[in-house]
Amino acid sequence: MKRTQATAWSSKDSAELYGIHQWGKGNFDLSADGNVRVKGQFPSGEVAIPLIDIVTGAKQRGYDFPLLLRVENLLDERIQLLNESFATAMAEAGYRGRYQGVFPVKVNQQCQVIREISRFGAAYGHGLEAGSKAELLLALANLNEGGLLICNGYKDREFIDLGLWAGKLGYRCFFVIESPTELPLLLERSKATGIKPLIGVRIKVSVKVGGLWTETTGDRSSFGLSTAQLVAVVDQLRQADMLGCLQLLHCHLGSQIPDIEEIRAGVREAGRFYADLAEEGVPLQYLDLGGGLAVDYIGNQSKQSHSRNYDMAGYCRCLVETVAATLDRKQVAHPTLITESGRATVAHTTMLLFDILDVLRFEPLSLPENCPADAPPLVARQFVLHQQQQEADPFLTYNEALANRDRIRELFRQGELNLRQRSLAENLFLSIARRVTTELTAASPDAPGLNELRKSLADIYYGNFSVFQSLPDTWAIGQVYPVLPIHRLHEAPIRDGIISDLTCDCDGKLDCFVLNGGEQQTLPLHQLKENEDYILGVFLMGAYQETLGDLHNLFGDTNVLSIRLNEDGSFDLVKEISGDSIAEVLSYVEYHPETLFEDFRTKTEQAVRDGKINLTERREILDQFAARLRGSTYYKRCGK
Ligand SMILES: Cc1ncc(COP(=O)(O)O)c(C=O)c1O
């Protein structure tokens with residue numbers, strides 16, 4: 001479908017273009033009048049609420065962009081899906097054990113997320129995984145009654161003591177031994193407190209998995225015991241007469257693993273460790289297979305890094321069947337299976353919504369009808385290329401125009417061409433490049449090089465957000481998220497753009513997008529309308545982003561709203577958190593807002609004394625200063 005103003009365009013075309021039925025399956029769709037809707041599942045059926053209605057409600061309550069929107073129903077649905085998919089897989093495979101998930105706190109530590117996981121997960125005994133003392137404390141306070149508490153990562157004496165006391169209180173708290181040096185300390189603290197720990201051992205499986213973290217998987221993973229270290233730990237526990245404490249085997253193959261066959265190979269290897277330890281008399285009862293369950297950010301069900309070639313049901317079947325088959329060969333009892341699925345639990349539940357403040361277009365500003373008589377020869381040649389119609393080989397024209405442009409710039413640097421001549425030449429080049437791109441897009445949309453050309457001409461849409469605060473993974477690891485306008489989707493998006501954030505940093509941009517079931521470097525967008533917000537959403541971004549985000553350029557936390565969709569099609573705001581004020585972010589970097597105000601007030605007083613401003617102006621300036629300190633770090637579109 002061609003995206004031109006003249007062609008008829010509908011929401012269906014947008015759904016196909018942005019792939020919403022693929023990556024947003026079951027959670028998001030488009031209404032006929034062009035709005036993205038979030039869906040909730042209820043016994044009486046499905047409800048779908050336009051995001052634009054939620055945004056309007058937020059604005060009426062005083063929350064401006066950018067806005068982080070969390071939908072609690074989606075979080076509940078993910079926990080339910082994970083637990084019920086395992087239950088189904090186990091029933092189908094005749095598995096003689098159960099599944100108990102834990103949520104790795106590091107994937108999203110936000111209080112309302114952890115509380116909801118614990119509350120809704122209680123029905124399934126869905127527990128928590130902690131990797132630091134701070135995470136342990138919040139987990140202890142929030143864990144539901146039946147949930148497991150898995151302690152990974154480095155542990156010092158304070159960490160261990162707290163975990164031991166938790167065990168005494170009745171928590172099923174596992175200390176997972178990640179390195180051989182941890183065991184002596186654990187044994188010493190156990191002796192000192194008289195409390196026996198529940199122990200797990202984390203092994204390194206040799207299978208390497210693909211995706212973004214492939215280099216840290218297999219033998220080179222930072223955590224876990226080698227086979228020789230595992231054997232030594234087992235022997236030490238036996239000698240200390242504490243082998244009975246070793247009840248859990250742990251491995252973590254990696255995060256966002258795209259290929260199910262690699263998962264199967266890793267699980268088979270972990271199963272072999274489990275079987276042989278059990279045969280040796282280690283009283284194992286739990287097999288924890290860590291994270292790795294991927295999210296299909298692109299929605300094309302492939303082995304690409306941002307996708308996966310399996311679904312939730314397939315993942316569960318793979319784990320259950322592989323463990324059962326591996327253990328059955330040695331007649332070892334089926335363990336309770338644990339996964340630490342983080343990304344797949346929370347990614348879908350949260351989206352970032354922001355408005356566009358301005359657009360920079362790469363287009364000729366104005367061109368004369370005829371070439372000026374005094375135009376230098378190269379500029380005159382550009383004029384000929386500009387007037388040419390429908391060339392045989394558009395790329396030939398483009399390449400000549402590009403070479404001419406570069407020579408013209410060189411002549412300008414040498415003082416051979418003046419400013420006006422260069423300006424005309426630049427306008428001519430843009431006109432040629434635009435015409436060639438339009439012709440190629442119509443004639444051969446897959447022409448090699450066309451994407452690059454399109455990217456070089458793409459508009460820059462300035463988004464009211466900071467990549468470093470809200471989407472750090474796009475900058476740090478090239479993470480791709482679905483991005484699209486949340487309204488006007490029944491209109492053809494006739495422009496191609498990339499998105500720049502508010503930071504003065506060339507890395508502060510989004511320039512890789514999910515489109516037509518693949519990745520592309522420009523995003524189809526609409527033209528801005530005067531006095532009307534143009535709102536974009538970044539979807540599936542609920543994992544890892546919130547606490548990784550930083551204060552680059554002092555853009556602070558955004559407003560956060562958690563909503564719950566109701567069966568009658570309404571929604572409730574269940575939690576509202578105002579974003580950082582400027583005073584707050586300044587205090588994070590050790591400024592005292594009161595002192596700043598005082599210092600500035602002194603300067604305005606001096607300005608009055610010097611006759612630069614009068615007293616009314618002084619008051620106006622100080623009022624503005626004080627109001628900005630209280631206000632948001634983000635911007636308002638001109639005229640608002
Ligand atoms: C030990 C451990 N468990 C679980 C996870 C969560 O992984 P994912 O988000 O892929 O489910 C991680 C993240 O890398 C991890 O290191």
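Atoms within a ligand are numbered from 1 in the order they appear, just like the ligands themselves.
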Q.
Do Arg172 and Tyr286 pair up side chain to side chain, a donor and an acceptor below 3.5 Å, judged on atom types alone?
A. yes
- Item | Exercise: do His250 and Glu340 side chains pair donor with acceptor under 3.5 Å | yes
Margin query: Quick test of your reading of the model: are Asp76 and Arg119 salt-bridged, counting only N-O distances below 4.0 Å?
Written below: yes
TODO: Test Glu269 against Arg272 for salt bridge (Lys or Arg N to Asp or Glu O under 4.0 Å), laying out the working first.
DONE: CA-CA 5 Å; Glu269 191 175 339; Arg272 285 288 302 111; over 6 Å; no
Take the angle between the ring planes of Phe539 and Trp23 and call it parallel below 30°, perpendicular above 60°, tilted in between. tilted
Lining ligand 1 at under 4.0 Å, by non-hydrogen atom distance, are residues Pro104, Lys106, Asn152, Arg202, His252, Ser255, Gln256, Gly291, Gly292, Glu340, Ser341, Gly342, Arg343, Tyr544
- Below 4.5 Å, heavy atoms only, C-beta onward: do Asn300 and Gln22 meet side chain to side chain? no
